[in-house]
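Letters A, B, ... mirror the listed sequences (proteins, then strands); counts begin at 1. None of the values given here were measured: they were computed from a predicted structure.
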2 protein chains.
Amino acid sequence: MVTIYDIAKKANVSAMTVSRVINKSDKISVKTREKVEAIIKELNYLPNSSARSLVSKKTKILSLMITDIANPFFTSVARGAEDKAMQMGYQLMLCNSDENLEKESKYIDMLISAGTDGVLIAPANDSSKKNIQTLTKYNIPFVLLDRHIKDLKCDQVLSDNETTTRRLLEHLIKQGHKRIAIINGPLDVATARERHQAYCDTLTAHGLEINSNLIHQSHFLQDSDISKIIKKMLDLPENERPTAIFATSNFIGVDTVKFLIKYNMKVPEDIAVVCYDGLPNYTESELFITAAEQPSYHFGYMGMQMLIERIENTAPEMPRKIVLPAEIHIRKSSLHEIDKNNEAPR
Amino acid sequence: MVTIYDIAKKANVSAMTVSRVINKSDKISVKTREKVEAIIKELNYLPNSSARSLVSKKTKILSLMITDIANPFFTSVARGAEDKAMQMGYQLMLCNSDENLEKESKYIDMLISAGTDGVLIAPANDSSKKNIQTLTKYNIPFVLLDRHIKDLKCDQVLSDNETTTRRLLEHLIKQGHKRIAIINGPLDVATARERHQAYCDTLTAHGLEINSNLIHQSHFLQDSDISKIIKKMLDLPENERPTAIFATSNFIGVDTVKFLIKYNMKVPEDIAVVCYDGLPNYTESELFITAAEQPSYHFGYMGMQMLIERIENTAPEMPRKIVLPAEIHIRKSSLHEIDKNNEAPR
DNA sequence: CTGTTAGCGCGTTCAC
DNA sequence: GTGAACGCGCTAACAG
């Protein structure tokens, strides 16, 4: 391994001078700088980050903690985060918590041990607060991604859950739907809770009843057990069955449609579906599900930007909150005027 | 920051004893071990990886270099790689080269500087050899992923390009197709080259002519300019037009179908399509494109496993080569007996 | 402008 | 079983 001493010896200068050249100190004569730089190139010298970090307490490593890289939302977040990190001269450490607190905790410990400069984190759920406070104990800056945590003062980049949910539901209401179900993630996750609240508020505001038979929780991972939930709702008497379903995540939305069809329901004729968050259009066909498309790349990109600004002390003292709007794309899964006569009296 | 000295002082032992406890040395009395362990827990001590690395020359950081995390193939690879790394107590550094040699080179330098213990790498192209040799110069183990590089002795986990290509084409040939086009990635990428070779070999073996008007190269990123290529082929006289197209990657396949439809061609009636590598089925509908589905998760998982075995010296001296088979899924895009009379004489 | 000294936190080496 | 001294590669602080 080549060290600054090897360079120093060959250049007839001290190690300190080499260090100064590497760190672009300006108090170096042009002649020695050029001499040293030439030898650095010749010997293919690359600084040892461990040694540097030991002194500087900085690693130039940032971390991204997400709950599932297989979810296209987070894939795109990762892409954005990585682009920004790279651009600013940082490396990115990737961590998948699988919505699991213990895994998250283990990762946090590893990240602290590795000396990460900062963490962009989508917490598994509200109890992640404890894991995040471990970061605080070590003075490691972090930015909350997608999922808010109560009473945690920090930078965050979030989705506009209230507005987006309301707009999706009002689209359904405008189509004549009165019995709208929600299939949600666990309520100890902020996004699920906020979407739940907005769901209740919007129905109430439009004079619609909130029926607990139409409110269901699953989870956000890919194999969420939607089948049972659908079955349960289809078993309701016809005049209590939902005529529309609000799915609060991409995977939930896809599975909802899948199982509706499996149980011989027509979408949107029998039951309409709208979905919070979209999926990439890989297929040749038109997209089918009405979805609130999120700017996922920017979640990662802007989250990283805030994190780096925080680390490099170019950010204002005050915590910043970025709320990214979603774009509602109305598609076939919700485009069907329901038959008003079919509506049973309440 | 808590150090072993803080622990030592509180436990009335030397730092060395603490170090031995942490590293699970057996030459420690049970009593002191327990005392030290209690204080470690109490003080939330986490070892400083930089200091450790400086001494041990190991970081417990592995790296994954891929060309695009937005490509579902690599997303899944990343998932597999991360799972294995985590399981074995390593952290994963993620790098996107964007099929770009310079970006790849810059990343390699960063990784060396960061002291990565090993790299699982899908090289951008044949010229990546130089970047990879930099790793060798620093004695950093690596495993080639997906893309072979000539005369590079190393562990590799690859796709069975020859067999898979042949089976896809023979399926088309069996359907009666005689003019089969190929839309490929750049030929300085091993997978593209091998699929090209297998394409030529298979056609020849079946007595079909190899027509340069039906051989096209684009690239593997998402916005590959397939439109022009399709247009060019549709501009051929009817009796020279392809009746089927072999797309050598998932994104190419999707775009091929998309633009065929855009130019008013019916798939598969006018032109059939088969594709090397699949895409996740997010939609409610049946998948459409006939595809060779690759076990992408295992590319990552097994690649990491080989890498770790190499690092921990539990691997045989000899380089290992794992070839993972793809599963051919025949779907609608290629299920149409072509009209034999429509075949022009040659 | 350049060099010397000391120390970052830990593990290796060699004593006891 | 335990401890003291040294050095990993680098940079901050000071000296010249």
When you get a sec, tell me which of [options] is the closest nucleotide to the side chain of [X]?
| X | options | answer |
| --- | --- | --- |
| B:Lys57 | D:dG9, D:dG3, C:dT2 | D:dG9 |
| A:Ile28 | D:dG3, C:dT2, C:dG11 | C:dT2 |
| A:Asn23 | D:dA4, D:dT11, C:dG9 | D:dT11 |
| A:Met16 | C:dG9, D:dC10, C:dG3 | C:dG3 |

Whole-Å distance between [N] [atom2] and [X] [atom1]?
| X | N | atom1 | atom2 | answer |
| --- | --- | --- | --- | --- |
| B:Leu54 | D:dC8 | CG | C1' | 4 Å |
| B:Ile22 | C:dT12 | CD1 | P | 12 Å |
| B:Ile40 | C:dC10 | CD1 | P | 10 Å |
| B:Tyr138 | D:dG9 | OH | P | 13 Å |
| B:Lys60 | C:dG11 | NZ | P | 13 Å |

Does a side-chain N or O from [X] land closer than 4.0 Å to OP1 or OP2 of [N], or not?
| X | N | answer |
| --- | --- | --- |
| A:Ser14 | C:dT2 | no |
| B:Ser19 | C:dG11 | yes |
| A:Thr3 | D:dG9 | no |
| A:Ser56 | C:dC8 | no |
| B:Tyr45 | C:dC10 | yes |

For this session: Look at B:Arg310 together with B:Asp155 and state whether they make a salt bridge at an N to O cut-off of under 4.0 Å.
Result: yes
Exercise. Charged N to carboxylate O under 4.0 angstrom, B:Lys10 versus B:Asp6?
Worked result: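 Salt bridge: no.
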Problem set entry | Passing candidate, side chain to side chain donor-acceptor pair (under 3.5 Å) with A:Gln156, options A:Lys321, A:Arg147, A:His148 |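 Of all the options given, the one that passes is A:His148.
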For this session: May I ask you to say what A:Thr32 touches in the nucleic acid, namely base, sugar-phosphate or nothing, with a heavy-atom cut-off under 4.0 Å?
Result: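 It contacts sugar-phosphate atoms only.
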For this session: Tell me which of B:Tyr5 and A:Pro47 sits closer to the 5' end of DNA chain D, going by the nucleotide each one is nearest to.
Result: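 Its nearest nucleotide being more 5', the pick is B:Tyr5.
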Problem set entry | Distance (rounded to the nearest 0.5 Å) between A:Ile121 CD1 and A:Leu135 CG | 6.5 Å
Exercise. Under the 3.5 Å rule, do the base of D:dG3 and the side chain of B:Arg20 count as making a donor-acceptor pair?
Worked result: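 Side chain to base: pair found, below 3.5 Å.
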For this session: Could you tell me whether the side chains of A:Thr32 and A:Ser29 share a donor-acceptor contact shorter than 3.5 Å?
Result: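 Looking only at side-chain atoms, A:Ser29 and A:Thr32 do form a donor-acceptor pair, the distance falling under 3.5 Å.
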